[in-house]
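Worksheet for the structure shown next.
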2 protein chains.
Amino acid sequence: MKFEPITIKDIAKALGLSTSTVSRALRDGYEISAETRRIVLEYAEKINYQPNPIALSLKERRSHSIGVIVCEIANNFFSQAINGIESIAYNSGYHVIITQSHESAGREVINLKHLASRSVDGLLVSLSSETNDISHFKELHDKGLPIVFFDRVTNDIYTHKVIANNFKGAFDATEYLINSGCRNIAHLTASAHLSITKERLDGYKEALRKYHIPFREEYVQYCNHGGMIQDEMERAVNSLIELENQPDSIFAANDKLTTGCLLALKKSDPAVASSIKITGFTNSNLTELFATSLTSVRQPAFEMGQIATSLLIELIESKRPVTDFQTRVLDTEMIIKNKVVAVS
Amino acid sequence: MKFEPITIKDIAKALGLSTSTVSRALRDGYEISAETRRIVLEYAEKINYQPNPIALSLKERRSHSIGVIVCEIANNFFSQAINGIESIAYNSGYHVIITQSHESAGREVINLKHLASRSVDGLLVSLSSETNDISHFKELHDKGLPIVFFDRVTNDIYTHKVIANNFKGAFDATEYLINSGCRNIAHLTASAHLSITKERLDGYKEALRKYHIPFREEYVQYCNHGGMIQDEMERAVNSLIELENQPDSIFAANDKLTTGCLLALKKSDPAVASSIKITGFTNSNLTELFATSLTSVRQPAFEMGQIATSLLIELIESKRPVTDFQTRVLDTEMIIKNKVVAVS
DNA sequence: TTGAAAGCGCTAACAA
DNA sequence: TTGTTAGCGCTTTCAA
């Protein structure tokens, strides 16, 4: 039943050569006569020989694959980033293995171990919102496994990082709300220890400061599941609505939070909902279809994926240990919508 | 630099045993004394021994991984299906390798070869909209590689299939439009040779027939890139709008086509756009945020992924060749929206 | 109950 | 230029 692939041995036998000669011929080896080489290549082509990558992995201790850990592929930012990752990886001969943490630190560790044991040559990681202990990553990194972080990064591991200019993106979004007349601007964000949470919060604060608007702790709502759980977002949004000093706007810190916030508002009192302006980070390409006017901050997800992958492959293929690591910061883009919609 | 994992040899040396004994102990073997076994297991646990899955793959000629080929992960239906796939696969000890065809038949073949050579134990496939030659799949399947098709299936390979009740879903959607007063119902669909295209077209036709509405060839627009290319959809939508007998509604056949159609209409004359009712297959969970009223047909994507994976694992682990294949058909769900929106 | 040895497919050091 | 051999980590006959 099971199919028997052609091996180097088959070729050797058929051609009356040794396996090593065949291997050399195939491998573009130097110690080989042009004639033998031609014969082998021709025959291999004819019988459609495919080298067994598993045997190669075992031998070379590398798999020509890179592992990816993200929280969710059903998230526009990450699916776009993955497309960027693939575009570079495939062109460089690497296979991409995608895993999802679903924002769970435990699942992240399982995926990490799985990928490591499968001997991926390197790792592309965006941390889960639950992660605050990165020792598992550190351990593998210290042992020599190349890792590049993107989007949700950590400062505790010295390696390449690729992030959006979260500070500026958040600043711009907040400033936009201020310029639209908002003064009571709330901030809906993910768990506090995430790098993007800090950076975006700082941008938000800085915009308030610039316009002499006092920062209010109660206007910041943290969703520790990063938007995975609609209930959590609804509770957060409702607690904002119920504040004595009801916000006139909300700046949401990521994709899921932005749409989750809109959904939560839609469920609430329409009068309240329509009086609250929303801005948020999102890479959805459906925002123009939304009933609510939504000005959004878009991250260059595809490029981030590409750059992270290029950096990772550089690390993997570097002959000497790399000691000079960089953090690439890419600009976000504001997508301003002025659609005015009346819901009857 | 590169880290040296612990091998069975290390354990054998440390414990003064042979590698085969250690292997037996680890593998729950029978020919082993309880005592030796305990010692080995204890030590392995202590030094955190992890078997090398690559060596195992080479030996056993199986990888404990399953390959997935879909057109796009940035598509709600597929990302949800993948979550279903993962949920079953991980619980059964299988790793999932996701690849995207981006609706390209060429890319599909490359992915297929890649996965096959990586010796995945089985394949979960939803065909690209460009695919009409499935001989590559057939070849591998004939050689004994288990394949389960889902969503976009083929009748040319005798194996398990998991699909939604596309006929009924399309019928319901069309009937809904008819019951809403529409009589000139257009159909925006993917390439003609796709299984889902045929099934959904048939459902659409049957609804028309039931209500004695003549079927008009010019009302059916095929997008051969299945919605990957916005331009193509816009051309299709515009050619519908420009018909002498302008449709009063459009039934879109898949996720991308549904949102693409809405986007295309939004770009066109607002008067025209607002006079055309849209229904479509989609698994987006953002439809309630849309300005346009959209009644949609939702596929049980997660369950479809789960069932397809269970069937595949059954095939993989079956001792004897399976000859009795099934096609599982799951019901779709109509999500009716009556939101009335006035766009100013 | 244990160990020695072969072999999965491939590469590479060493010999010829 | 080619062949022989060992070995990557593991399982599994076959002997002991």
Side-chain angles (χ1 to χ4, degrees), chain A residues 2-41 43-44 47-65 93 116-121 144, chain B residues 2-41 43-44 47-65 93 113-114 116-121 144:
Chain A
K2 212 49 189 166
F3 55 112
E4 294 295 331
I6 295 144
T7 74
I8 225 169
K9 225 190 218 165
D10 299 326
I11 301 182
K13 198 175 296 172
L15 263 36
L17 293 166
S18 74
T19 57
S20 47
T21 306
V22 175
S23 171
R24 268 189 288 255
L26 259 19
R27 215 117 303 282
D28 215 25
Y30 33 106
E31 302 169 314
I32 187 101
S33 78
E35 178 58 6
T36 317
R37 174 119 163 269
R38 196 188 50 73
I39 297 178
V40 172
L41 288 178
Y43 184 74
I47 63 171
N48 189 26
Y49 166 77
Q50 305 276 24
N52 179 335
I54 301 203
L56 269 174
S57 295
L58 183 60
K59 181 106 252 269
E60 297 179 358
R61 291 138 150 280
R62 58 177 299 195
S63 58
H64 280 276
S65 65
S117 78
R118 276 254 142 226
S119 15
V120 291
D121 299 338
Chain B
K2 214 48 189 162
F3 55 112
E4 294 297 332
I6 293 143
T7 74
I8 224 170
K9 225 190 220 166
D10 300 326
I11 302 183
K13 198 175 297 170
L15 262 38
L17 293 166
S18 74
T19 57
S20 45
T21 306
V22 175
S23 172
R24 268 188 288 253
L26 258 19
R27 216 116 299 282
D28 216 24
Y30 31 107
E31 300 168 315
I32 187 96
S33 77
E35 178 59 6
T36 317
R37 174 119 162 268
R38 196 188 51 73
I39 297 178
V40 172
L41 287 179
Y43 184 74
I47 62 171
N48 189 26
Y49 166 77
Q50 304 276 29
N52 179 334
I54 300 202
L56 269 173
S57 295
L58 184 61
K59 183 106 252 269
E60 296 178 359
R61 295 144 141 270
R62 57 176 301 194
S63 57
H64 282 276
S65 65
K113 287 191 174 165
H114 200 178
S117 77
R118 276 252 142 226
S119 19
V120 290
D121 299 337

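First the proteins, then the strands, lettered A, B, ... as listed; each starts at 1.
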Between D:dG9 atom P and B:Ile11 atom CD1, what is the distance in whole Å?
13 Å
Tell me the interatomic distance from B:Arg38, atom CZ, to C:dT1, atom C1', rounded to whole angstroms.
16 Å
Any donor-acceptor N/O pair, B:Ser23 side chain to B:Thr19 backbone, under 3.5 Å
no
Without swapping roles, check the side chain of A:Asp121 against the backbone of A:Arg62 for a donor-acceptor pair under 3.5 Å.
no
Test A:Ser18 against A:Thr21 for side-chain hydrogen bond (donor to acceptor under 3.5 Å, both in side chains), laying out the working first.
CA-CA 5 Å; A:Ser18 74; A:Thr21 306; 2.9 Å; yes
Would you mind building the protein contact string for nucleotides 8-15 of chain C? One character per nucleotide, 5' to 3', B for base within reach (heavy atoms under 4.0 Å), S for sugar-phosphate only, - for untouched.
BBBBBB--
Are the side chains of A:Ser57 and B:Arg118 in touch, meaning some heavy atoms are under 4.5 Å apart?
yes
Which residue, B:Val40, B:Thr36, B:Val22, forms the side chain to side chain contact (heavy atoms under 4.5 Å, CB included) with B:Leu15?
B:Val40
Indicate, with a heavy-atom threshold strictly under 4.0 Å, whether B:Thr36 touches base, sugar-phosphate, or nothing.
sugar-phosphate
Nearest-nucleotide wise, let me know which of B:Val22 and A:Gly16 is further upstream toward the 5' end of DNA chain D.
A:Gly16
Taking every non-hydrogen atom, the tightest pair across B:Thr7 and B:Asp10:
N-OD2, 2.8 Å
